[in-house]
Amino acid sequence: MARTEASVTDAQASSTDFSRPLLAWYDRHHRSLPWRTPPDETKLGVLPDPYRVWLSEVMLQQTTVGAVKRYFEAFTDAWPTVEALATAETDDVMKAWAGLGYYSRARNLKKCAETVASEYDGRFPDTEAGLKALPGIGDYTAAAIAAIAFNRPAAVVDGNIERVITRLHAIEAPLPQAKPEIRTLVAQALPHDRPGDFAQAMMDLGATICTPRRPACVLCPITDGCTARREGTAERFPVKAPKMEKPARRGAAFVAVRADGAVLLRQRPPTGLLGGMTEVPGSHWTARQDGATDISAAPFPADWRETGSIRHVFTHFALELSVFRADLHNDQLPGDQPPGDGWWSSPDTLPGEALPTVMKKAIEAAIPGATRKPRKG
DNA sequence: AAATCGTGGAG
DNA sequence: TCTCCAAGATT
């Protein structure tokens with residue numbers, strides 16, 4: 001195909017202008033994703049639905065593409081527009097988000113949808129500043145939506161792009177200190193005719209070629225200006241500050257099973273770890289390792305039997321949970337109301353509850369299969 | 001501004 | 001099994 005953008009190339013010509021070969025590579029090797037508009041359409045001016053771009057970008061924060069796909073389909077099926085999400089029940093949103101992690105994202109997602117629906121007439125702002133003012137949208141997400149959904153020349157910097165840029169320039173400064181320098185370099189390389197495709201091309205390159213380990217430099221379209229490639233040190237970048245090791249905590253979880261199979265659940269506080277999500281009653285999670293499993297934290301007296309234990313690793317600590325189960329007869333129920341603000345969830349509603357993975361593990365340890373959703377069809 | 005906030009896949 | 005870490009945001 002004939003190249004007609006010679007003037008653009010000349011204007012940007014420098015050792016750091018890698019956008020043309022990168023975009024040419026993207027045109028041929030871009031990933032096809034449910035929220036993405038392919039380059040043959042964006043080049044004709046067709047842009048993706050900002051709602052779908054926003055939803056995907058929030059889901060993709062610190063989360064892999066593979067994990068996001070099913071959730072994205074479920075969300076867009078249930079709530080096809082930002083107005084639909086704005087009027088949804090928050091509890092339904094938390095249920096749909098359960099398992100994806102970082103649950104403040106779901107709370108902010110709902111708030112953001114409500115703001116866009118009520119204050120912006122259902123249309124997302126088309127500038128970085130306007131977007132960043134919304135809950136759950138920070139530097140990266142604001143730039144990504146501006147570039148991808150509105151083709152604004154925004155400097156998008158995510159983990160992939162940090163890796164690509166630090167290798168291109170062999171940046172020795174550790175992250176996150178090097179971030180301002182990286183942003184400047186991205187802004188300098190930004191092709192103003194295709195900012196959205198450029199951002200996605202950089203991310204695809206980082207995800208498929210310029211990978212954290214064993215990068216496929218042989219297949220890379222921009223090796224010419226890559227210092228780390230020339231020096232054979234690509235895998236050394238990006239340099240990161242040393243990470244501290246995760247402390248251990250332990251606690252007890254109590255699975256109360258009624259005669260009809262219903263399980264006692266309750267809601268966690270609205271903020272903090274697993275904020276607003278559903279849990280089985282449990283003890284405090286202590287950092288003490290000598291502490292015996294604390295059965296005094298049970299929601300009511302019963303014949304609690306330890307049925308096993310589960311391990312779960314959070315971002316900043318590892319948890320070991322002793323799981324207790326009690327099978328209740330009808331005359332053993334603690335009054336006609338569940339303790340506190342809890343509720344009994346029957347076997348057919350349990351799989352649809354807003355249970356984070358750690359709680360599904362705990363329930364599974366007491367009642368194998370109880371949280372598994374029945375296969376449809 | 002350092003700490004907090006989940007989960008699962010890959011090597 | 002263990003380590004790394006993924007399209008980061010918030011306080």
Side-chain angles (χ1 to χ4, degrees), chain A residues 30-31 33-36 48 52-72 94 97-109 111-112 131-149 154-164 175-177 179 182-183 186 196 198-208 210-215 235 238 240-247 249 268-277 279 285 310-319 354-361:
Chain A
H30 64 89
R31 289 179 291 175
L33 300 169
W35 47 83
R36 181 176 277 183
R52 294 166 62 88
V53 174
W54 163 71
L55 179 60
S56 68
E57 289 301 342
V58 173
M59 286 184 167
L60 286 161
Q61 289 166 3
Q62 295 291 286
T63 309
T64 57
V65 166
V68 163
K69 281 182 179 171
R70 312 176 203 100
Y71 286 87
F72 181 82
M94 300 312 285
W97 196 276
L100 200 54
Y102 286 135
Y103 297 101
S104 66
R105 291 185 297 172
R107 290 178 256 129
N108 286 330
L109 191 80
K111 287 184 207 160
C112 183
L131 289 161
K132 198 180 165 184
L134 294 166
I137 299 183
D139 288 334
Y140 162 76
T141 305
I145 298 173
I148 297 169
V156 178
V157 181
D158 78 323
N160 288 304
I161 296 174
E162 287 175 348
R163 189 167 56 253
V164 171
L175 288 173
Q177 290 89 337
K179 195 148 186 174
I182 295 170
R183 179 178 296 279
V186 169
F198 176 72
Q200 296 177 93
M202 289 285 280
M203 292 190 277
D204 278 15
L205 188 73
T208 65
C210 196
T211 50
R213 281 165 297 188
R214 300 196 48 110
E235 209 160 352
K240 292 187 177 180
K243 45 204 159 282
M244 61 175 209
E245 58 181 275
K246 292 177 180 177
R249 295 185 196 174
R268 292 176 63 84
T271 59
L273 185 69
L274 309 177
M277 299 299 285
E279 67 175 2
W285 297 345
I310 61 110
R311 296 175 179 282
H312 190 79
V313 180
F314 292 99
T315 305
H316 56 291
F317 67 93
L319 178 67
L355 292 165
T357 299
V358 62
M359 291 301 156
K360 287 186 179 175
K361 283 188 190 177

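Chain identifiers are assigned alphabetically (A, B, ...) following the order of the sequence lines, protein sequences preceding nucleic acid strands; residue numbering begins at 1 within each chain. All values derive from a computational prediction rather than experimental measurement.
For the atom pair A:M277 CE and A:M94 CE, the distance stands at 5.0 Å (nearest 0.5 Å). Put simply, NE2 on A:H30 and CD on A:Q200 are 10.0 Å apart, with the number rounded to the nearest 0.5 Å. For the atom pair A:F72 CZ and A:M59 CE, the distance stands at 7.5 Å (nearest 0.5 Å).
Among the heavy atoms of the strands, none lies under 4.0 Å from A:I161. Nucleic acid contact for A:S56: none, since no nucleic acid atom lies under 4.0 Å from a heavy atom of the residue. Among the heavy atoms of the strands, none lies under 4.0 Å from A:G206. Residue A:L33 is classed as a base contact, given a heavy-atom separation below 4.0 Å to a base. Nucleic acid contact class of A:W35 (heavy atoms, under 4.0 Å, all strands): base. Counting non-hydrogen atoms under 4.0 angstrom, A:V68 reaches nothing in the nucleic acid.
Looking at the side chain of A:R213, the nearest of the listed nucleotides C:dA9, B:dA10, C:dA6 is B:dA10. The listed nucleotides are C:dA7, B:dG6, C:dC5; the one nearest the side chain of A:E57 is C:dA7. Taking the side chain of A:D158 as heavy atoms from C-beta on, and the options C:dA7, C:dA9, C:dC5, the nearest nucleotide is C:dA7. The A:Y103 side chain lies nearest to B:dT7 when the options are C:dC5, B:dT7, C:dG8. Among the nucleotides C:dA7, B:dT7, B:dC5, the one closest to any side-chain atom of A:P356 is B:dT7.
Separating the CG atom of A:L134 from the C1' atom of C:dA9 is a distance of 13 Å, rounded to the nearest angstrom. A:L319 places its CG atom 11 Å from the P atom of B:dT7, with the value rounded to the nearest Å. Regarding A:H30, its NE2 atom lies at a distance of 18 Å from the P atom of C:dA7, rounded to whole Å. Taking atom OH of A:Y102 as the reference point, atom C1' of B:dG8 lies 12 Å away to the nearest angstrom. Between the P atom of B:dT4 and the CZ atom of A:R107 lies a distance of 16 Å, rounded to the nearest Å. The separation between A:W285 atom CH2 and B:dT4 atom C1' is 14 Å, rounded to whole Å. For A:Y140 and C:dA6, the OH to C1' distance is 11 Å, given to the nearest whole Å. C:dC2 atom P lies 17 Å from atom NZ of A:K243, rounded to whole Å.
With P as the reference atom, C:dT11 and B:dG6 are 14 Å apart, rounded to whole Å. Between the P atoms of C:dA7 and B:dA3, the separation comes to 25 Å (whole Å).
Phosphate contact (OP1/OP2 of B:dT7, side-chain N/O of A:H312, threshold under 4.0 Å): present. In terms of phosphate contacts, A:R163 brings a side-chain nitrogen or oxygen within less than 4.0 Å of OP1 or OP2 of C:dA6. Contact annotation: A:H316 side-chain N/O to B:dA3 OP1/OP2 distance is not under 4.0 Å. Put simply, A:T357 has a side-chain N or O that comes within less than 4.0 Å of OP1 or OP2 on B:dG8. A close approach under 4.0 Å does occur between a side-chain nitrogen or oxygen of A:Q62 and OP1 or OP2 of C:dG8.
A donor N or O paired with an acceptor N or O is not found under 3.5 Å between the base of B:dG9 and the side-chain atoms of A:T64. The base of B:dG6 sits with one of its N or O atoms less than 3.5 Å from a complementary donor or acceptor on the side chain of A:T63.
The aromatic rings of A:F314 and A:H312 sit perpendicular, their planes meeting at an angle over 60°, well past the 30° parallel limit.
The nearest pair of heavy atoms linking A:P48 to A:V53 is CG-CG2, 3.6 Å.
In this structure, A:R70 and A:G101 both approach DNA chain B, and ranking their closest nucleotides by distance from the 5' end singles out A:G101. Between A:G136 and A:R31, the one whose closest nucleotide on DNA chain C sits nearer the 5' end is A:R31.
None of A:N108, A:T271, A:L274 except one satisfies the side chain to side chain contact (heavy atoms under 4.5 Å, CB included) rule with A:Y103; the exception is A:L274.
Within 6.0 Å of CZ on A:R70 lie no more than 12 heavy atoms contributed by other residues, nucleotides or ligands.
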